[in-house]
Amino acid sequence: MIKINNPIDCCGCTACKSICPKNCITMKIDREGFRYPIVDYDNCINCGLCERVCPIKNKTEGQDLGIAYAVRNIDSKVLESSAAGGTFTAISKAIFRINGLVAGVKYTESMEVKHFLANSMKEAEPFRGSKYVQSDLGSIFEEIKYQLDKGKVVCFSGTPCQISGIRGFLCNDYDNLICIDVVCKGVATPIILKKYIELNEKKYGKQIVNLSFRTKDYGYHMSTTKIEFENGDYILSSGEFNAMMGPFIQNLCLRPSCHECRFKSRKRQSDITIFDCWSYKKLTGKLDDDKGYTSVWIHSEKGKELFERMKNDIVFSELNLDEIIEADGNMVEKSISPHPNRDKYFDTLISQGLVKAAKKYAKMTLISKFKDLIKRRLYIMGIYRYNR
Ligand SMILES: Cc1cc2nc3c(=O)[nH]c(=O)nc-3n(C[C@H](O)[C@H](O)[C@H](O)COP(=O)(O)OP(=O)(O)OC[C@H]3O[C@@H](n4cnc5c(N)ncnc54)[C@H](O)[C@@H]3O)c2cc1C
Ligand code: SF4
Ligand code: SF4
Ligand code: SF4
């Protein structure tokens, strides 16, 4: 049966919990806020299934076709509310056109980040935008298996470890499953989101109904966080300096397994990988209007077919894969080192709260804060624009 001796050896994918025939594995949240499997030994029959499906214990070879594009959704509203070029919405639309289902990540009513299964574009809209804390997978693997067995086409999107997790859990290679992963630096503890919401609801005396980890109000290339309140008000803050995103950007609050990620590779478990296309101008020689493009990297015939189905909803330029990985794909193969103060950051986060932990360990110089402020002022005045 599964036993986690070192947190680095578990990415929290839930494959073991989902496969257990005796339902004797539960995902328990540890002091850092991440979920790990705990076995109820009294009910365990020692069948070994949990170990057989674990993607960390059983490494599988991925696939790749080496085809890459810079992609943008032609709908300006979709583009505005997506993290990069709005490709995931074009993918979802293509899936719904063939009567399929789409699994992605959205906020629950209590602003937790969780995977859901959608059967219409309306239901899939909240999947838009990267939420950088680890999502709660709940029972999504079991729900997807049920739909796949009924013959439904299902598109599952998530981090590379979540894709490996569902593939491990399913055991069989379903023709009607399509997997989309993101290039992933790592996931942050859900604690930072919870505390950030509490902090700002208390400060402004209003309920928060949406939060964008990366809004484009100051352009795609500037990291900006947006909080939206129930009465329609919103506030913006610099991602580099706010108490939630600052520690994430500085690698203070990632899951331990992200620092030795076993899922980073040029050969992927997914059919399509999506990631940021920061260097659009350099890669294509075309002007960049700072509204965002997605790098789309295709690994399988299924991925190729899906891309064909998306073509009415996007504009795209073909890219050289090596060039795009060199420019923007630093996290394709490399794991990020933990910040030297990671453990102290968590101690402070737990005992003294989000702001004190960020102030102590996610320090930024006054000069960089000042430069950021000036850049934003100049942006509002229409004087500063990203170098096109
Ligand atoms: C945790 C995380 C780390 C990332 N790290 C990098 C990176 O290091 N470098 C890089 O270039 N790009 C990274 N990305 C990808 C990038 O931020 C964009 O998501 C990607 O470029 C696609 O944007 P889009 O506009 O096409 O679609 P969007 O509509 O913005 O796509 C959103 C997609 O991300 C999924 N998603 C959102 N939050 C989560 C979550 N918490 N867990 C799993 N899936 C989620 C949604 O289900 C949906 O499929 C990361 C994304 C996530 C979620
Ligand atoms: S060995 Fe079998 S019964 Fe025991 S926890 Fe693993 S899957 Fe469940
Ligand atoms: S299957 Fe996933 S959740 Fe279970 S031990 Fe392995 S990595 Fe952790
Ligand atoms: S860095 Fe690796 S382990 Fe961490 S969330 Fe991404 S794919 Fe999973």
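This is a predicted model, so every value here is computed, not measured. One-based numbering, in listed order, for ligands and for the atoms of each. Note that these values count all heavy atoms, side chains included, but never hydrogens, waters or copies made by symmetry.
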Which atoms of ligand 3 sit under 4.0 Å from any heavy atom of I2?
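What qualifies from ligand 3 is 5 (S).
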To the nearest 0.1 Å, how far is [atom] from its closest protein heavy atom, and which atom is that?
{"atom": "atom 19 (O) of ligand 1", "result": "S130 OG, 2.9 Å"}
{"atom": "atom 4 (Fe) of ligand 4", "result": "C258 SG, 2.3 Å"}
{"atom": "atom 6 (Fe) of ligand 4", "result": "C184 SG, 2.4 Å"}
{"atom": "atom 2 (Fe) of ligand 4", "result": "C261 SG, 2.3 Å"}

Using a 4.0 Å heavy-atom cut-off, which part of [X] comes near ligand 1: side chain, backbone, both, or neither?
{"X": "T87", "answer": "both"}
{"X": "V182", "answer": "side chain"}
{"X": "R128", "answer": "both"}
{"X": "S157", "answer": "side chain"}

Is C13 close enough to atom 8 (Fe) of ligand 3 that one of its N, O or S atoms comes in under 2.8 Å?
no
Euclidean distance, [Y] [atom2] relative to [X] [atom1], rounded to 0.5 Å:
{"X": "T159", "Y": "L137", "atom1": "OG1", "atom2": "CG", "answer": "7.5 Å"}
{"X": "E228", "Y": "Y234", "atom1": "CD", "atom2": "OH", "answer": "9.0 Å"}
{"X": "Y280", "Y": "L319", "atom1": "OH", "atom2": "CG", "answer": "8.5 Å"}
{"X": "I2", "Y": "C54", "atom1": "CD1", "atom2": "SG", "answer": "4.5 Å"}
{"X": "K360", "Y": "N341", "atom1": "NZ", "atom2": "CG", "answer": "9.5 Å"}
{"X": "K122", "Y": "F96", "atom1": "NZ", "atom2": "CZ", "answer": "12.5 Å"}

Is [X] close to ligand 1, meaning an N/O of one under 3.5 Å from an N/O of the other?
{"X": "K185", "answer": "yes"}
{"X": "T294", "answer": "yes"}
{"X": "A84", "answer": "yes"}
{"X": "C184", "answer": "no"}
{"X": "V105", "answer": "yes"}
{"X": "G104", "answer": "no"}

Backbone of Q207 reached by a side-chain donor or acceptor of E230 within 3.5 Å:
yes
With a cut-off of under 6.0 Å to the ring centre and 45° to the axis, is K185 in cation-pi contact with Y132?
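Judged by the rule, K185 and Y132 form no cation-pi pair.
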[X] heavy atom under 4.0 Å from ligand 1:
{"X": "R214", "value": "yes"}
{"X": "V133", "value": "yes"}
{"X": "Q134", "value": "no"}

Compare P256, S164, G186, C161 and give the one whose heavy atom is closest to atom 7 (S) of ligand 4.
C161
Which bit of [X] gets closer than 4.0 Å to ligand 3, counting heavy atoms only: side chain, backbone, both or neither?
{"X": "P37", "result": "side chain"}
{"X": "V53", "result": "neither"}
{"X": "C50", "result": "neither"}

Would you name the heavy atoms of A327 and S279 that are closest together and state the gap between them?
CB-OG, 3.8 Å
Just checking: C10, one of its N/O/S atoms, less than 2.8 Å away from atom 6 (Fe) of ligand 3, yes or no?
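It does not: C10 brings no N, O or S atom closer than 2.8 Å to atom 6 (Fe) of ligand 3.
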So is C11 touching ligand 3 or not, going by heavy atoms under 4.0 Å?
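Checking ligand 3 against C11, which is what was asked, there is a heavy-atom contact under 4.0 Å.
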Only one of C258, C261, C161, S164 clears side chain to side chain contact (heavy atoms under 4.5 Å, CB included) with C11; which?
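Of all the options given, the one that passes is C161.
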Measure from the ring center of F213 to the ring center of F248 and say whether it is less than 6.0 Å.
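Centroid separation for F213 and F248: 6.0 Å or greater.
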Those atoms of ligand 1 less than 4.0 Å from some heavy atom in A83
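Atoms satisfying the 4.0 Å criterion: 18 (C), 25 (O), 30 (O).
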Over 60° means perpendicular and under 30° means parallel, so tell me whether Y361 and Y345 are parallel, tilted or perpendicular.
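Judged by the thresholds at 30° and 60°, the geometry between Y361 and Y345 is perpendicular.
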F370, CZ: over 12 other non-hydrogen atoms inside 6.0 angstrom:
no
